[in-house]
Amino acid sequence: MNSKLRKAIEIEVIYDLLDELDYYQLLGLERDADPAEVEPAFRAQSRILHPDRLARLGDAQLTRQATAIYRTVNEAYRCLKEPESRVQYDQELAQGQIRISDSGRSDAKAAGEASADPEKAARTEKGGKYWRLALQQWRDEDYQGCVMNIQFALNFEGDNEVFTEWLDKAQKAATDKAKTKEKNPYKLRFF
Amino acid sequence: MGVAVGIDLGTSNSCVAVVRDGEPVVLADSRGRKTQPSVVAYGHGGKVIVGHRARRNLIYAPQNTIASAKRLIGRRFLSDTVRRIMGHTAYEIVEGPNGGARCRVMGKVMAVPEVSAQVLRHMKELAEEALGEEVDQAVITVPAYFNDHQRQATKDAATIAGLQCLRIINEPTAAALAYGFKQGKRQHIAIYDLGGGTFDISILRLDDDVFEVVSTSGDTFLGGDDFDYAVADHLAEVFKRQHNVDISSLRTPRMKLRDAAERAKIALTAADEVEVRVPALARAQTGEELGLTAILTREEYGRIVAPLIQKTFLVCDDALSSAKMSTAQIDHVLMVGGMSRTPLIRQAVGEYFSKTAYTDINPDEVVAIGAAIQAFNLTAEDESGSSVLLDVTSQSLGVTVVGGFCEVIIPRNTPIPTDASKVFHTAHDYQTEVRISVNQGEGRMAADNELLGQFVLDDLRPAPRGEVRVRVTFEIDSDGIVRVVAQDLETGKSRDIRIEASSGLTDDEVQSMRFDHLGV
């Protein structure tokens with residue numbers, strides 16, 4: 001069998017199985033693979049499955065199939081290379097979900113951000129109280145309230161850098177929000 | 001089938017290369033010149049001149065000569081960028097039928113891809129002459145920071161010029177391909193690409209035959225031209241001091257000063273100081289012609305352009321932080337673009353990365369060489385000697401949500417090709433239509449980003465709110481071009497939606513502009 005034909009069959013087989021392959025299978029990894037193995041596995045699969053590798057065959061349908069496969073390979077790599085999203089995915093996978101759901105993805109992202117700052121940023125009890133309120137208001141998009149509570153929190157912990165950073169952020173968001181009230185140029189409207 | 005080449009369609013200069021017997025070769029014109037100015041001059045009777053001869057026209061008939069069309073390509077007439085360009089050009093920029101910027105020269109209005117197509121055809125013909133074979137396919141490079149519109153418009157230019165565009169690739173990525181060709185060593189490299197009109201920085205991981213872009217960042221409005229304008233402003237200031245005449249807002253003297261600034265910049269790469277002489281810039285009240293004579297030192301030049309260089313490092317910081325890397329983890333720095341010839345910039349880049357920048361490959365040719373290598377990767381008979389390029393999307397893709405905010409669907413630096421979906425619900429009872437705006441950029445507010453287009457999902461089943469759900473899938477292909485597919489989750493019916501490129505050309509328009517169809 002010539003190599004071109006073999007490659008074409010290989011792509012078709014994977015394409016047919018695509019909806020059944022989990023991220024580990026797509027990258028050719030064991031489920032307990034070491035984090036350091038993810039990147040080399042992605043490169044190895046890219047060498048074989050990247051649609052550019054098939055461009056020379058000039059078969060449009062095959063290239064389309066390879067593109068669909070490779071989009072999922074990219075998705076798998078993005079998910080498994082970050083520890084937070086990998087943990088999230090492992091949980092979903094245990095429940096039979098082979099693709100990380102969009103909400104799962106954003107939850108994982110939010111979790112990643114949370115570990116970096118908010119809730120734990122306060123060092124005093126009183127500061128913490130206002131800080132938690134401020135964060136809740138941030139989530140509710142009540143930026144003016146958020147600004148006010150951060151300022152209160154700063155009364156107790158004037159040197160907290162996370163607070164000052166968020167104060168800037170909230171002030172900017174509050175101004176932006178005030179502006180859009182006036183203009184609101186591209187509102188996603190539902191008719 | 002013809003030959004596949006790589007074309008660096010630059011803001012100021014263009015270059016074409018091809019891989020022959022496994023080695024990349026830059027193709028020169030009959031006089032041995034390896035780069036051609038990206039300048040198109042329009043004459044009487046539909047006559048068009050491109051390249052070196054057109055460049056001379058820039059001084060004598062600037063209103064009929066289009067330089068730096070790349071700055072306009074894929075841009076909306078009402079954008080800030082176009083406003084800024086209008087202050088610098090002698091030809092007229094007008095609004096096209098669908099809001100895109102167009103050029104009016106000799107009474108004829110042209111879409112910008114038609115102008116770029118003249119440059120591409122010039123490069124195609126040059127390559128055909130050099131090779132003695134037909135050239136019909138090309139990989140064309142664009143700045144990494146080009147958005148969907150700009151990429152699509154560049155592809156349209158290729159079609160108009162009679163070239164099949166095999167792939168649009170990013171300039172810094174192309175440079176990395178040229179640098180790492182057959183090198184095989186695992187390493188991290190940064191590409192600092194300061195060209196005529198744009199600045200890009202990309203960070204890549206090279207591993208044998210795989211070239212993986214880790215992150216990229218850029219500024220589509222920061223380039224050598226801005227350095228020239230900064231110096232021209234300085235010269236106008238000197239002239240004002242000498243003669244008490246303000247010429248800073250006059251077109252022709254400005255063009256002369258810009259030209260002098262560019263020549264001074266080039267002279268300063270070798271000399272420590274240069275004498276700038278520009279005759280006949282204005283007339284005194286006595287009727288006497290006034291010219292400028294001034295000395296520009298390297299130090300003075302450095303002082304004038306320092307804020308611009310500093311701006312590039314802010315963009316570098318951003319790319320490094322996206323890659324979660326520090327300058328210490330970068331093994332090599334490669335400098336590309338004409339501006340990398342400036343010793344001052346080499347030195348500043350060296351200091352920023354704490355290592356000497358690699359400049360061995362001719363900065364004017366390296367991008368075209370990379371494009372040629374990618375053309376080879378996509379067309380070579382077998383895989384031996386070819387490499388695979390894994391690029392990322394340089395800007396976030398999002399939709400506008402309530403409050404005018406932008407909700408990111410595909411974040412920047414996501415490897416391409418890629419896709420992502422979002423489910424839209426109806427928000428009102430018996431609503432039968434959902435309107436979605438798609439935009440690209442890093443702004444939190446949609447208004448700060450480039451609006452790619454809007455589309456309407458109609459014919460939805462009238463039902464209580466929230467009941468009708470439509471899944472919209474956004475795809476970005478290997479060229480960095482966006483496609484949208486909507487699927488009604490109730491009926492499973494799917495629809496391919498073309499984002500109405502509100503400033504671009506329709507397929508029919510592109511076809512009607514094709515030079516081979518027009519017989520020009």
Side-chain angles (χ1 to χ4, degrees), chain A residues 2-4 7 39-40 42-58 63-64 66-78 81-82 99-103 105-106 109 141 143 169 172-173 175-191, chain B residues 1 166-167 205 207-210 212 374 377-383 386-390 399-407 409 411 414-428 431-437 439 444-448 451 454 456 458 465 475-478:
Chain A
N2 76 40
S3 65
K4 279 182 185 176
K7 186 130 198 185
E39 196 194 291
F42 167 67
R43 260 199 295 278
Q45 293 299 73
S46 298
R47 283 191 182 97
I48 306 164
L49 297 173
H50 195 285
D52 284 358
R53 289 295 211 188
L54 301 158
R56 62 177 62 80
L57 303 182
T63 306
R64 244 196 325 277
T67 306
I69 296 169
Y70 195 71
R71 279 203 296 257
T72 323
V73 169
N74 262 337
E75 187 180 309
Y77 175 51
R78 265 189 351 257
K81 77 173 172 179
E82 301 295 339
R99 298 281 178 271
I100 200 162
S101 60
D102 289 341
S103 62
R105 203 180 295 167
S106 50
K109 199 176 144 224
E141 296 186 7
Y143 302 120
K169 205 165 123 183
K172 193 176 174 294
T175 335
D176 282 350
K177 199 174 174 184
K179 261 192 238 157
T180 48
K181 255 192 196 150
E182 294 157 23
K183 288 195 300 188
N184 195 8
Y186 309 118
K187 195 173 192 170
L188 178 66
R189 266 182 227 285
F190 294 94
F191 296 88
Chain B
M1 202 162 63
L166 283 172
R167 173 65 49 82
R205 187 159 32 227
D207 188 21
D208 200 11
D209 55 346
V210 180
E212 181 190 354
Q374 183 66 355
N377 288 338
L378 295 173
T379 55
E381 272 297 312
D382 63 90
E383 274 175 20
S386 76
S387 44
V388 55
L389 178 62
L390 316 176
V399 293
T400 310
V401 293
V402 182
F405 288 90
C406 175
E407 181 184 327
I409 306 280
T414 298
I416 51 172
T418 190
D419 63 355
S421 1
K422 181 177 166 60
V423 175
F424 289 87
H425 302 260
T426 46
H428 297 290
Q431 168 181 2
T432 57
E433 202 179 73
V434 175
R435 187 171 297 228
I436 296 163
S437 305
N439 56 67
R444 244 165 45 82
M445 303 305 297
D448 296 336
L451 176 70
Q454 292 178 305
V456 177
D458 47 14
R465 66 166 172 241
E475 292 177 6
I476 302 181
D477 69 13
S478 299

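Bear in mind that the values here come from a model prediction, so they are computed numbers and not experimental data. Every chain is numbered from 1 and lettered A, B, ... according to where its sequence line falls, protein lines coming before strand lines.
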Any side-chain donor paired with an acceptor under 3.5 Å for D477(B) and T67(A)? no
Can you say whether A68(A) sits under 4.5 Å from chain B via the side chain, the backbone, both, or neither, judging by heavy atoms? neither
Which portion of R465(B) sits near chain A, non-hydrogen atoms under 4.5 angstrom: neither
Quick check on I416(B) against chain A: is it the side chain, the backbone, both or neither that has a heavy atom closer than 4.5 Å? backbone
Given R71(A), E141(A), R47(A), the one with more heavy-atom pairs under 4.5 angstrom with chain B than any other is R71(A)
Taking all atoms of both residues into account, what is the closest heavy-atom pair of S386(B) and D209(B), and its distance? O-CB, 4.0 Å
Max heavy-atom pairs within cutoff under 4.5 Å with chain B, candidates E39(A), H50(A), K172(A), goes to E39(A)
Under a 3.5 Å distance rule, please check whether R56(A) uses its side chain to pair with a backbone N or O of N377(B) as donor and acceptor. yes
Give a yes or no answer on whether the side chain of N74(A) reaches the backbone of P417(B) with a donor-acceptor pair at less than 3.5 Å. yes
Where does D52(A) contact chain B at under 4.5 Å (heavy atoms): side chain, backbone, both or neither? both
How are the rings of F42(A) and Y77(A) set to each other: parallel, tilted or perpendicular (split at 30° and 60°)? parallel
